[in-house]
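See structure below.
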Amino acid sequence: MRDWVLHLDLDAFMAAVEILRNPELRGRPVVVGGNGDPTTPRTVVATASYEAREYGVHSGLPMRTALRRCPDAVYLPIDLPAYESASAAVMTLLHTFPVTVEVWGLDEAFLGARTDDPEALARDIQRAVTDKTGLTCSIGIGDNKHQAKLAAQFEKPSGVSRLTTDTWPEVMGERPTTALWGIGAKTGKKLADLGLRTVTQLAAADPTELAARFGPTNGPWLRYLALGKGESTVTTTPWVPRGHSHETTFTQDLTDPAAMRAQIAALAVRLAAETEGRPVVRVTVKVRSAPFTTHTRQAKLPEPTHDAATIEQAALAVFDRFDHGRPVRLLGVSVEYG
DNA sequence: TCTGGGGTCCTAGGACCC
DNA sequence: TCTGGGGTCCTAGGACCC
């Protein structure tokens with residue numbers, strides 16, 4: 001018997017929930033995103049069913065592009081309460097297994113398990129999830145979260161894969177650094193500029209050089225990722241959010257300062273109602289101007305507060321510090337808790 | 001491809017103090 | 001008076017993830 005980390009990833013989650021409640025959609029390309037109208041500008045795909053992915057439709061793609069690529073898809077608006085409810089059913093079910101469950105967003109969870117046969121456990125869990133909820137999932141098995149997370153992507157949908165420290169070099173070694181969980185396009189490009197293209201090359205890189213280029217924490221951490229290391233503790237302790245934010249992208253740019261201030265005030269009041277009693281210590285305002293330049297301004301409050309009027313006034317004061325003039329496509333407010 | 005919304009963490013630079 | 005470092009706090013931006 002030994003400890004394993006499993007990562008469970010619900011397949012095409014939002015689209016799958018929509019198909020469950022409308023079985024006529026099964027087998028058709030289904031795209032969930034924005035308000036469900038794919039002609040609305042400045043909206044993107046949240047989730048595409050596997051049938052829709054065949055047409056090159058994927059998360060983050062502008063809805064209007066999705067419509068061009070797959071005009072016959074069924075387009076649906078995001079229905080968060082429905083996904084929260086489906087997610088909760090899965091997470092509750094997971095707790096009936098002899099595992100520790102760390103919920104990681106609506107459609108993911110890490111599981112800590114002590115077993116001789118993690119594949120058998122994974123298949124049991126998959127069967128139960130499908131029997132009880134109608135959803136399918138992929139499960140990755142590893143020595144730590146990083147490995148389990150990557151393994152879960154190997155055979156989607158409905159796959160079970162194992163990636164361990166033993167198999168890491170042969171499975172991951174020749175892949176690009178961006179295959180690692182935490183290295184995106186920007187960092188991948190910077191690494192390539194240093195001649196570090198593959199996981200093996202990054203694993204063998206000089207930590208001092210990486211620290212000089214990427215900072216004292218990030219530099220060594222990149223090499224750590226390439227060695228297949230990662231957190232192996234699965235904790236049941238519920239996540240305590242550091243803060244909350246709301247932002248709105250307008251279908252058409254805002255040019256009226258009074259309208260902007262009204263939006264800022266509304267976002268701040270919304271946030272103030274969601275603090276759950278936690279004291280707000282900092283307020284940040286985000287402004288994205290045409291064409292696509294984003295700036296933030298923030299202020300530490302004189303003292304922690306959960307008073308809505310104080311938070312609203314603070315947000316407006318921060319907003320007034322911006323150099324105004326250009327049309328605005330997005331406004332956002334975030335609060336940080338003490 | 002004209003590019004959402006909600007999070008987390010890290011970095012760099014300036015202010016200020018000793 | 002020109003000038004040293006270190007430590008801490010704050011701010012703005014960047015990168016990544018789902």
Side-chain angles (χ1 to χ4, degrees), chain A residues 7-10 12-14 31-36 38 40-47 55-70 77-78 80 83-84 87 103-110 145-146 149-150 152-153 177-178 180-191 210-222 225 231 239-253 267 270-271 274 281-302 318 321-322 329-337:
Chain A
H7 182 260
L8 178 144
D9 202 322
L10 290 162
F13 175 59
M14 298 186 198
V31 179
V32 178
N35 60 0
T40 309
R42 301 178 180 180
T43 61
V44 301
V45 173
T47 306
Y55 295 84
V57 177
H58 54 80
S59 300
L61 191 75
M63 286 282 269
R64 298 211 284 187
T65 308
L67 179 61
R68 229 174 296 132
R69 292 190 185 175
C70 191
I78 294 174
L80 207 54
Y83 313 139
E84 284 168 346
S87 175
V103 177
W104 201 268
L106 281 182
D107 61 348
E108 291 182 37
F110 285 103
K145 287 178 177 171
H146 183 203
K149 171 82 184 168
L150 296 184
Q153 312 302 315
T177 58
T178 50
L180 300 171
W181 186 34
I183 300 186
K186 296 284 173 73
T187 303
K189 168 104 176 55
K190 288 180 192 167
L191 287 168
L210 291 172
R213 181 71 182 83
F214 298 96
T217 302
N218 278 338
W221 176 71
L222 295 172
L225 287 180
E231 176 64 57
W239 186 254
V240 180
R242 303 330 188 223
H244 283 301
S245 68
H246 286 303
E247 60 185 57
T248 309
T249 292
F250 308 105
T251 304
Q252 290 190 323
D253 292 342
L267 292 167
R270 237 177 105 194
L271 284 168
E274 296 165 353
V281 298
R282 181 187 307 280
V283 174
T284 302
V285 171
K286 177 164 153 183
V287 175
R288 178 168 291 153
S289 310
F292 203 75
T293 49
T294 307
H295 294 281
T296 61
R297 294 273 185 282
Q298 58 184 221
K300 180 176 157 57
L301 300 181
V318 171
R321 283 163 42 205
F322 279 88
R329 71 176 274 150
L330 172 149
L331 290 172
V333 178
S334 64
V335 295
E336 184 185 315
Y337 302 127

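So that the names make sense, note that chain A is the first sequence line, chain B the second, and so on, each numbered from 1.
Without hydrogens or angle criteria, A:R213 side chain to A:G219 main chain gives no donor-acceptor distance under 3.5 Å. Using a distance-only test at 3.5 Å, with no hydrogens or angles considered, no donor-acceptor pair links the side chain of A:R69 to the main chain of A:L67.
A:F250 places its CZ atom 18 Å from the C1' atom of B:dC2, with the value rounded to the nearest Å. Atom CG of A:L301 is separated from atom P of C:dC10 by 11 Å (rounded to the nearest Å). Regarding A:N35, its CG atom lies at a distance of 11 Å from the P atom of B:dG5, rounded to whole Å. What separates CD of A:Q252 from P of B:dG4 is a distance of 16 Å, to the nearest Å. Look at CG on A:L267: it is 14 Å from C1' on B:dG4, rounded to the nearest Å. Atom NZ of A:K286 is separated from atom P of B:dG6 by 9 Å (rounded to the nearest Å). A straight line from CE of A:M63 to P of B:dG5 spans 13 Å, rounded to a whole angstrom. In this structure, NE2 of A:H58 is placed 11 Å from P of B:dT1, rounded to the nearest angstrom.
Considering only side-chain N and O atoms, A:H244 lies under 4.0 angstrom from the phosphate OP1 or OP2 of B:dG7. Phosphate proximity of B:dC2 to A:R64: absent, as no side-chain N or O sits under 4.0 Å from OP1 or OP2. Under 4.0 angstrom from either OP1 or OP2 of B:dT8 there lies at least one side-chain N or O belonging to A:W239. OP1 or OP2 of B:dG7 has at least one side-chain nitrogen or oxygen of A:S245 nearer than 4.0 Å.
For the pair A:G33 and A:M63, the tightest heavy-atom approach, listed with the atom from each and the gap, is O-CE, 3.0 Å.
Contact annotation for A:R68: backbone-only contact, meaning every heavy-atom pair under 4.0 Å involves sugar-phosphate atoms and none involves a base. Nucleic acid contact for A:R288: sugar-phosphate only, since backbone atoms but no base atoms lie under 4.0 Å from a heavy atom of the residue. Across all strands, A:G243 comes closer than 4.0 Å only to sugar-phosphate atoms, never to a base (heavy-atom distances). Within the nucleic acid shown, A:S334 has no heavy atom closer than 4.0 Å to any nucleic acid atom.
Summary of the strand contacts: A:E247 and A:G219 both lie near DNA chain B, and taking for each the nucleotide with the nearest heavy atom, the more 5' one is attributed to A:E247. Mapped onto DNA chain B by nearest heavy atom, A:L61 and A:L330 fall at different nucleotides, with A:L61 at the one closer to the 5' end.
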List the steps, then state whether side chain to side chain contact (heavy atoms under 4.5 Å, CB included) holds for A:L106 with A:E84. CA-CA 7 Å; A:L106 281 182; A:E84 284 168 346; 3.9 Å; yes

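In a base pair of the Watson-Crick type (N1 to N3 plus N6-O4 or O6-N4) or a G-U wobble (N1-O2 and O6-N3), with each distance short of 3.5 Å, C:dC18 is matched with B:dG5.
Of the candidates B:dG7, B:dG4, B:dT1, B:dT1 carries the atom nearest the A:T65 side chain, counting heavy atoms from C-beta on. Side-chain proximity of A:F292 to the nucleotides B:dG4, B:dG5, B:dC2 is greatest for B:dG4.
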Give every donor-acceptor pair under 3.5 Å between a side-chain atom in residues 183-190 of chain A and any protein atom, sequence neighbours left out.
unit_1 : atom_1 : unit_2 : atom_2 : d
A:K189 : NZ     : A:D193 : OD1    : 3.3
A:K189 : NZ     : A:D193 : OD2    : 3.3

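Under the rule for a ring-ring contact (aromatic ring centres under 6.0 Å, His included), the partners of A:Y337 that lie at least two apart in sequence or sit in another chain are A:H244.
Among the candidates A:L331, A:T296, A:V318, the single residue satisfying the side chain to side chain contact (heavy atoms under 4.5 Å, CB included) test with A:V285 is A:V318. Residue A:H246 is tested with A:V335, A:V333, A:L267 for a side chain to side chain contact (heavy atoms under 4.5 Å, CB included); the sole match is A:L267.
Separation of the P atoms belonging to C:dC18 and B:dT3 is 22 Å when rounded to the nearest angstrom.
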Sequence-aligned protein contact record of nucleotides 11-18 of chain C, with B where the base is within under 4.0 Å of a protein heavy atom and S where only the sugar-phosphate is: BSS-SSSS

